[in-house]
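Worksheet: the structure to be examined is printed underneath.
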Number of protein chains: 2
Amino acid sequence: MEQEHLQLRRHIEEISKLTEEEWEFIASHFHLRRLKKHHFLVQEGQKVDHEFWIVKGLVKSYAIDAKGKEHIMQFGMENYWVSDYPAFQFKREATMNVDCLEDSVFFSLSFNDRETICHQVPAMANFFRTKSNLGYINLQQRIMSLLTQTAEERYEEILQKMPHLIQRVPKRLLASFLGVSRETLSRL
Amino acid sequence: MEQEHLQLRRHIEEISKLTEEEWEFIASHFHLRRLKKHHFLVQEGQKVDHEFWIVKGLVKSYAIDAKGKEHIMQFGMENYWVSDYPAFQFKREATMNVDCLEDSVFFSLSFNDRETICHQVPAMANFFRTKSNLGYINLQQRIMSLLTQTAEERYEEILQKMPHLIQRVPKRLLASFLGVSRETLSRL
DNA sequence: AGCAAAAAGTGATATACATCACATCAAAAA
DNA sequence: TTTTTGATGTGATGTATATCACTTTTTGCT
């Protein structure tokens, strides 16, 4: 089995153990893709049929507001799941973009294939359930930090909690993720 | 079958159909509870063994910051799921509170029972998976609104999208949910 | 290496919003 | 009903952060 598939299997089995048969079935629905820096996994206005799991590299998902300003929803690095989830879930056109900050390798999984997998392999329903729960908790914490903390406190916290990410991301984008202007961030 | 259980079954079957046998098994793990206004479902510092599904009434989940200010994570009304999810998931002590804004009736479900249900009844793993996905999307949208919109825009939006909720919640709490001071909200 | 483009730093100024203080009004409790 | 408590409104003032304009530094191309 190739390196990338092994990595995916390990990621899943951290939460749900699989039989060989289940794994074969699951793996057959994931498709390996590669994109260079600056290329898009999801583009605003287009259909979003897939979610993505990053094998290697770094992407960002973000929306552009009325004034043309970019607001970052998520950074996706190794072993992260990314998409424009509202569009993915409701089969609508993307309102977000997802593009590569680094040359990236990732698996893509279609909505229908994910549903098939979850209904055929109960362990996978539980895997995605758990992942979604953890993502939910993560977003709750981000909301709390937006409600309770100053720009400076949020910056300090992310420096502590995601030191590896920080080194791969320009401060301009970090500022956007934290909801601060790049000038203010630069003065902290 | 009592009214409350019927309501719960309908709620689940909007997403996943159940056999009679499955339903009986599931229902046996939910416990009906009642609390008056101002009483707590979850209290900061205590263990959080349960999540709750509101049958009737209204609750809020919130954290208190260093300065004693209350920040609302969520309002939970009829058919909403509520808990201190970080504490619930990781079996830690609550950092949030959940209390009743109105006299309330709700089901409680323990973490272990939820896991049991999800592993015994695959349809329920898919039910909770879907619910969690929808919750995740909801939180993403809230984050985007915190990053991109002014206090006024956020207020207008919630007035439009949740008119029924607005009428049951004092503006003071709405302000806290939106991340604005009550004085500012009053001037919008 | 040499040049263009992007990132980061910094001063001056503007502004959305918070905070404080107090008045009014409505609703629950005694 | 009277009293108390909580909710709401509003002025005066303060402050964190945005915005604009420009410079310096770093990175990526050719």
Side-chain angles (χ1 to χ4, degrees), chain A residues 35-39 57-60 62-72 75 97 99-104 142-159 165-188, chain B residues 35-39 57-60 62-72 75 97 99-104 142-159 165-188:
Chain A
L35 279 179
K36 297 272 182 196
K37 192 169 171 174
H38 300 236
H39 288 71
L58 181 61
V59 306
K60 66 179 197 284
Y62 59 99
I64 309 282
D65 72 16
K67 292 173 191 155
K69 221 167 89 179
E70 177 176 313
H71 300 273
I72 295 189
F75 294 109
N97 296 282
D99 69 25
C100 298
L101 295 175
E102 301 173 358
D103 296 352
S104 299
R142 186 160 169 214
I143 286 171
M144 265 305 157
S145 93
L146 288 168
L147 294 180
T148 64
Q149 295 183 300
T150 65
E152 179 158 24
E153 290 166 338
R154 294 202 294 279
Y155 184 45
E156 307 265 280
E157 191 168 296
I158 207 174
L159 286 180
L165 178 70
I166 302 326
Q167 294 175 330
R168 297 166 72 178
V169 172
K171 291 196 180 156
R172 195 193 104 235
L173 297 181
L174 214 49
S176 160
F177 178 81
L178 295 174
V180 203
S181 70
R182 53 158 217 87
E183 293 94 331
T184 296
L185 191 84
S186 155
R187 284 184 252 256
L188 293 180
Chain B
L35 280 179
K36 297 271 184 197
K37 191 169 170 173
H38 298 304
H39 288 70
L58 181 61
V59 307
K60 65 179 198 285
Y62 59 99
I64 310 284
D65 71 17
K67 291 173 191 155
K69 221 167 89 179
E70 177 177 312
H71 300 274
I72 295 190
F75 292 109
N97 298 280
D99 69 24
C100 299
L101 295 175
E102 300 174 359
D103 296 352
S104 299
R142 186 160 168 214
I143 286 171
M144 265 306 158
S145 93
L146 288 169
L147 294 179
T148 64
Q149 295 183 298
T150 64
E152 179 157 26
E153 290 166 338
R154 294 202 293 280
Y155 185 45
E156 307 265 280
E157 191 168 296
I158 206 173
L159 286 180
L165 178 69
I166 301 328
Q167 293 174 330
R168 297 165 73 176
V169 172
K171 291 196 180 157
R172 194 193 105 236
L173 296 180
L174 214 49
S176 160
F177 178 82
L178 294 174
V180 203
S181 71
R182 54 157 216 87
E183 294 93 331
T184 296
L185 191 83
S186 156
R187 284 184 251 257
L188 294 181

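In the text below, chain A, chain B and the rest are named by the order of the sequence lines, each starting its count at 1.
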May I have the list of side-chain donor-acceptor pairs in residues 181-188 of chain A shorter than 3.5 Å, sequence neighbours left out?
residue: A:Ser181; atom: OG; partner: A:Thr184; partner atom: N; Å: 3.2
residue: A:Ser181; atom: OG; partner: A:Thr184; partner atom: OG1; Å: 3.0

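Scored by the salt bridge (charged side-chain N to carboxylate O under 4.0 Å, His left out) test, B:Glu153 finds no partners at all (sequence neighbours excluded). Applying the side-chain hydrogen bond (donor to acceptor under 3.5 Å, both in side chains) criterion to B:Gln149, with sequence neighbours excluded, gives B:Glu157. Looking at residues two or more places apart in sequence or on another chain, you find no ring pair (Phe, Tyr, Trp, His ring centres under 6.0 Å) involving A:Tyr155. A:Asn97 pairs by the side-chain hydrogen bond (donor to acceptor under 3.5 Å, both in side chains) definition with nothing, not counting sequence neighbours. With sequence neighbours excluded, the residues that form a salt bridge (charged side-chain N to carboxylate O under 4.0 Å, His left out) with B:Glu70 are B:Lys60. For A:Asp103, there are no side-chain hydrogen bond (donor to acceptor under 3.5 Å, both in side chains) partners, not counting sequence neighbours. For the side-chain hydrogen bond (donor to acceptor under 3.5 Å, both in side chains) test, residues two or more places apart in sequence or in another chain that qualify with B:Glu102 are B:Arg168.
For the pair B:Arg154 and B:Phe177, the cation does not sit on the ring face, since its NZ or CZ is not both under 6.0 Å from the ring centre and inside 45° of the axis.
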How does DNA chain D read in dot-bracket, base by base from 5' to 3', with Watson-Crick or G-U pairs under 3.5 Å and | used when the partner is on another strand?
-> ||||||||||||||||||||||||||||||

Show me the protein contacts with nucleotides 3-7 of chain D, counting only N or O atoms at under 3.5 Å.
residue: D:dA7; atom: OP1; partner: B:Arg172; partner atom: NH1; Å: 2.9
residue: D:dA7; atom: OP2; partner: B:Arg172; partner atom: NH1; Å: 2.8

Could you go through nucleotides 17-25 of chain D and list every protein N or O atom that sits under 3.5 Å from one of its N or O atoms, giving the distance for each pair?
residue: D:dT17; atom: OP1; partner: A:Ala151; partner atom: N; Å: 3.0
residue: D:dA18; atom: OP1; partner: A:Ser181; partner atom: N; Å: 3.1
residue: D:dA18; atom: OP2; partner: A:Ser181; partner atom: N; Å: 3.1
residue: D:dA18; atom: OP2; partner: A:Ser181; partner atom: OG; Å: 3.0
residue: D:dA18; atom: OP2; partner: A:Thr184; partner atom: OG1; Å: 2.7
residue: D:dT19; atom: OP2; partner: A:Lys69; partner atom: NZ; Å: 3.4
residue: D:dT19; atom: O4; partner: A:Arg187; partner atom: NH2; Å: 3.1
residue: D:dC20; atom: N4; partner: A:Glu183; partner atom: OE2; Å: 3.3

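Nucleotides of DNA chain C lying under 4.0 Å from heavy atoms of chain A occupy a range whose first and last members, 5' to 3', are C:dA7 to C:dA12.
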